[in-house]
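Structure, as structure tokens:
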There are 2 protein chains.
Amino acid sequence: MKTADPELMRAINRFTVLDTIRRHGPISRVEISERSQLSTTTVSAITASLLDDGLILTRHEGDIRNAASRGRPRVMLVLNPDAARVVGAKIAAHQMHFVVTNFCGEVISHLSLPIRVNRQPVGVISDLIEDGVRRCVVDAGLSLDEIDTVCIGFPGVIEHRTGLVRSSPILSEPDVDFAREMSQRLNVATIVESDSHAITLGHHWFGKGRDLDDMVLVSLEQTLGLGVLNGGQLFRGAGGLSHNLGDLMMGSGLAETIRLSAVAGEQAILGEQSQQGRFAEAVRLGRGMAHAQALIAAEDNGLTAAATRAGEAIGIAVANIVTLFGPPRVVIVGSSLLLGEVFLNTLADAYRRAIPPSIREVAELVFENSPDEMWAQGAAVVALCELYESPWGTTGPAPAPQF
Amino acid sequence: MKTADPELMRAINRFTVLDTIRRHGPISRVEISERSQLSTTTVSAITASLLDDGLILTRHEGDIRNAASRGRPRVMLVLNPDAARVVGAKIAAHQMHFVVTNFCGEVISHLSLPIRVNRQPVGVISDLIEDGVRRCVVDAGLSLDEIDTVCIGFPGVIEHRTGLVRSSPILSEPDVDFAREMSQRLNVATIVESDSHAITLGHHWFGKGRDLDDMVLVSLEQTLGLGVLNGGQLFRGAGGLSHNLGDLMMGSGLAETIRLSAVAGEQAILGEQSQQGRFAEAVRLGRGMAHAQALIAAEDNGLTAAATRAGEAIGIAVANIVTLFGPPRVVIVGSSLLLGEVFLNTLADAYRRAIPPSIREVAELVFENSPDEMWAQGAAVVALCELYESPWGTTGPAPAPQF
DNA sequence: GCATTTATTCCTCAACACGTACAAAATCAG
DNA sequence: CTGATTTTGTACGTGTTGAGGAATAAATGC
């Protein structure tokens with residue numbers, strides 16, 4: 001059972017203030033007070049502490065109130081971008097993406113490695129990731145010592161609490177303790193998280209979920225993932241396991257049942273078609289979906305049928321997710337969106353037909369083909385979220401005194 | 001955003017202590033301190049306040065420590081059963097159940113009304129419920145003034161926050177504000193909650209979920225419902241909507257897709273068979289499932305086939321729920337369990353085949369045909385939960401001074 | 001220059017958790 | 001029967017925290 005002491009109270013309010021400053025750009029203390037329902041004096045005390053810890057900065061310039069306003073001008077507060085730096089990574093079958101971001105989540109450097117890591121031994125993959133992280137950090141003009149946290153977004157079933165990769169299409173073995181592996185290699189605190197969860201938080205901070213504290217994100221990549229945002233926080237099921245949409249069974253009887261990934265996974269859509277020359281090459285290079293769109297536009301019947309099947313199945317699955325979670329918005333991302341109109345229209349249509357009438361108006365569907373960088377940025381956001389919640393001034397590591 | 005002040009801190013710790021006393025029977029202050037990680041002095045202060053408010057009682061008898069123990073004997077604390085009384089109700093198509101419970105959730109009186117309310121106008125149903133509540137309260141030797149809260153468990157999609165019945169097989173209209181309706185009739189604070197949520201909390205307090213703070217319950221009655229317990233609390237999706245398992249679509253393509261309720265709902269299983277005389281009569285009286293079991297035992301081929309189809313579909317759906325929520329236990333309740341071995345075995349078998357191998361060991365299935373009284377008791381627990389969380393001594397209504 | 005307005009800070013108060021010391025109530029030893 | 005022992009529960013003081021009011025700071029308008 002969680003016990004409440006003054007420390008927890010302080011942590012909550014500190015987080016509230018910090019998050020308000022992050023969300024609402026340059027903001028004055030009074031406005032924080034209004035938004036957070038905290039008294040001005042409490043806000044002042046907390047912001048003083050945050051300023052003292054170097055997490056926020058004052059800016060006297062940007063008082064954007066009605067210019068002809070009397071009274072003492074507001075002092076605007078902003079996040080100190082240099083308060084911390086984190087690395088976010090997205091690992092996929094055919095490429096890796098790395099970003100270094102500052103405390104605001106803004107990308108400082110970006111590295112894309114088009115390397116096929118599929119089914120390589122764990123050691124090889126760790127090597128490649130370690131290399132990518134180090135290079136991206138150097139590109140940002142930093143050294144690893146200056147990085148606070150690394151977060152690696154992985155496809156598959158991830159146990160966030162322990163950092164265990166339960167199963168992933170990229171790794172040939174189950175139950176790999178990737179968090180420990182990378183922590184030891186980099187000597188930096190490392191988090192492992194599902195790539196779907198990462199992009200969910202990424203969209204909450206910077207993308208299509210900025211205005212909502214409750215939403216659901218469906219990611220259609222090599223694996224079919226799910227992220228549920230509940231009250232501004234990721235909903236991690238019991239044990240912190242990430243969800244794997246691809247493992248859902250579609251069908252009412254065992255005879256005609258099929259796993260969603262077998263209809264709508266990347267491999268399922270492209271698989272049948274990928275025998276022939278140039279297309280197979282594209283798939284191997286991770287550009288299968290873009291290529292597929294061209295083929296569909298050129299009326300490739302086999303692919304069109306596969307895309308239609310996939311769209312239908314996913315539309316139904318999304319309707320089921322809405323039935324269970326009732327979010328006001330469903331953001332759909334991932335490389336499969338590249339399949340184009342046919343796929344998207346089928347999906348939206350199947351959704352409309354499958355959703356029960358009584359909750360038809362509850363959720364809106366939003367399609368967004370986020371750039372790869374955003375996935376990595378989302379992983380960085382996961383890391384930042386943990387930093388935000390961690391106690392800094394009081395119990396955290398004291399900043400080394402400078403002489 | 002939720003702000004933290006001393007009041008919140010106190011509320012949290014008060015709840016922790018109260019809940020610890022409820023769960024672990026007669027318990028001494030030191031033991032509370034050990035279990036809750038609160039200091040002994042804090043526990044002492046809080047228990048003093050609880051004693052002062054009359055929510056708990058001291059019991060000097062039951063020091064069950066090693067009998068030959070020296071030192072000052074422990075004073076055991078228990079919930080004061082008479083601190084409050086609530087009414088819980090379960091409304092179903094063919095019958096209503098009411099219970100009055102004390103502050104511990106123990107049933108004081110129980111009333112079962114075998115009335116068919118299916119599709120009656122709202123006014124008629126409210127009348128019947130009002131009557132049932134009043135009779136049950138009188139049976140308990142009480143008057144309505146002495147009841148603190150009423151909670152009514154309804155099948156269908158319920159919006160707990162607003163007390164709105166979004167849709168229910170019992171009501172012919174959608175979006176009925178049942179909470180207000182009953183509050184006005186009874187002049188007692190009334191909560192409306194999904195019957196699945198009610199039985200979920202009921203099992204958490206008294207049934208198969210007593211030892212777990214995370215679990216999932218699937219209810220198979222006229223509607224197919226779901227309750228998710230997360231960290232000891234009901235997980236209510238965005239907007240507080242209850243889930244409706246029956247609205248899930250089973251199938252990967254629209255052509256072969258069917259709603260779960262159309263395969264595994266009570267009507268779907270019994271519907272085809274219920275034309276003939278005695279069976280139709282049983283169904284009308286709400287005893288369809290029990291009768292069906294007898295017919296299946298007598299090798300009624302049509303019914304057996306229907307039960308098998310339903311079991312398969314539900315097994316698959318449960319596997320999907322486990323994929324999404326990853327609970328350590330799934331409790332399956334409801335009248336459909338009466339269908340017997342064929343149904344249960346098919347369900348368990350379909351589940352085993354549908355669950356992804358990587359999480360096969362995560363969840364255990366538990367079947368439990370809870371008595372109707374337990375559903376009503378669960379509704380009472382919902383009411384009690386709200387009482388527990390509400391502030392009593394400080395900000396709540398001060399007890400009228402007695403002269 | 002002075003009143004006015006607004007943002008921020010200083011000071012005091014109440015509530016809380018916690019640690020220490022002390023009182024209470026039983027057992028055990030002689 | 002008396003006193004030491006052991007364990008439990010409580011009174012007091014300290015250090016948090018946040019809230020509210022008074023005072024201060026910094027601009028505008030007349």
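Residue numbers start from 1 in every chain, and the chains themselves are labelled A, B, ... in the order their sequence lines are given, proteins ahead of strands.
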### Task
Might you work through the side chain to side chain contact (heavy atoms under 4.5 Å, CB included) test for B:Arg22 and B:Leu18, ending with a clear yes or no?
CA-CA 6 Å; B:Arg22 178 186 68 77; B:Leu18 195 55; over 6 Å; no
Expressed as a whole number of angstroms, how long is the span from [X]:[atom1] to [N]:[atom2]?
X	N	atom1	atom2	answer
A:Met9	D:dT17	CE	P	8 Å
A:Ile12	D:dT17	CD1	P	14 Å
B:Glu31	D:dG9	CD	P	10 Å
B:Met76	D:dT8	CE	P	11 Å
A:Ile46	D:dG18	CD1	C1'	9 Å
A:Leu77	C:dT8	CG	C1'	11 Å
A:Glu7	C:dC16	CD	P	19 Å
B:Leu8	D:dG18	CG	C1'	12 Å

Is [X] near enough to [N] that one of its side-chain N or O atoms lies under 4.0 angstrom from OP1 or OP2?
X	N	answer
A:Arg14	D:dT17	no
B:Arg10	C:dC16	yes
A:Asn13	D:dT17	no
A:Arg29	C:dA7	no
B:Ser44	D:dT10	yes

### Task
Only one of A:Thr40, A:Leu38, A:Leu77, A:Ile46 passes side chain to side chain contact (heavy atoms under 4.5 Å, CB included) with A:Ile32; say which it is.
A:Leu77
### Task
From the options A:Val150, A:Val188, A:Leu387, select the one residue that forms a side chain to side chain contact (heavy atoms under 4.5 Å, CB included) with A:Val86.
A:Leu387
### Query
If we only count heavy atoms from C-beta on, is the A:Ile158 to A:His197 side-chain gap below 4.5 Å?
no
### Query
Would you call A:Asn187 and A:Leu144 a side-chain contact if the rule is heavy atoms closer than 4.5 Å?
no
### Task
Mind telling me whether A:Tyr388 and A:Trp205 have parallel, tilted or perpendicular rings, with 30° and 60° as the class edges?
tilted
### Message
From C-beta outward on B:Pro6, which listed nucleotide comes closest to its side chain: C:dT8, D:dG18, D:dG9?
### Response
D:dG18
### Task
Please determine, by modelled atom types, if A:Arg29 and A:Thr47 share a side-chain donor-acceptor pair under 3.5 angstrom.
yes
Polar atom pairs (N or O), protein with nucleotides 19-23 of chain C, under 3.5 Å:
{"unit_1": "C:dG19", "atom_1": "O6", "unit_2": "B:Thr41", "atom_2": "OG1", "d": "3.4"}

### Query
Which part of the nucleic acid, if any, lies within reach of B:Val43 when heavy atoms closer than 4.0 Å are counted: base, sugar-phosphate only, or nothing?
nothing
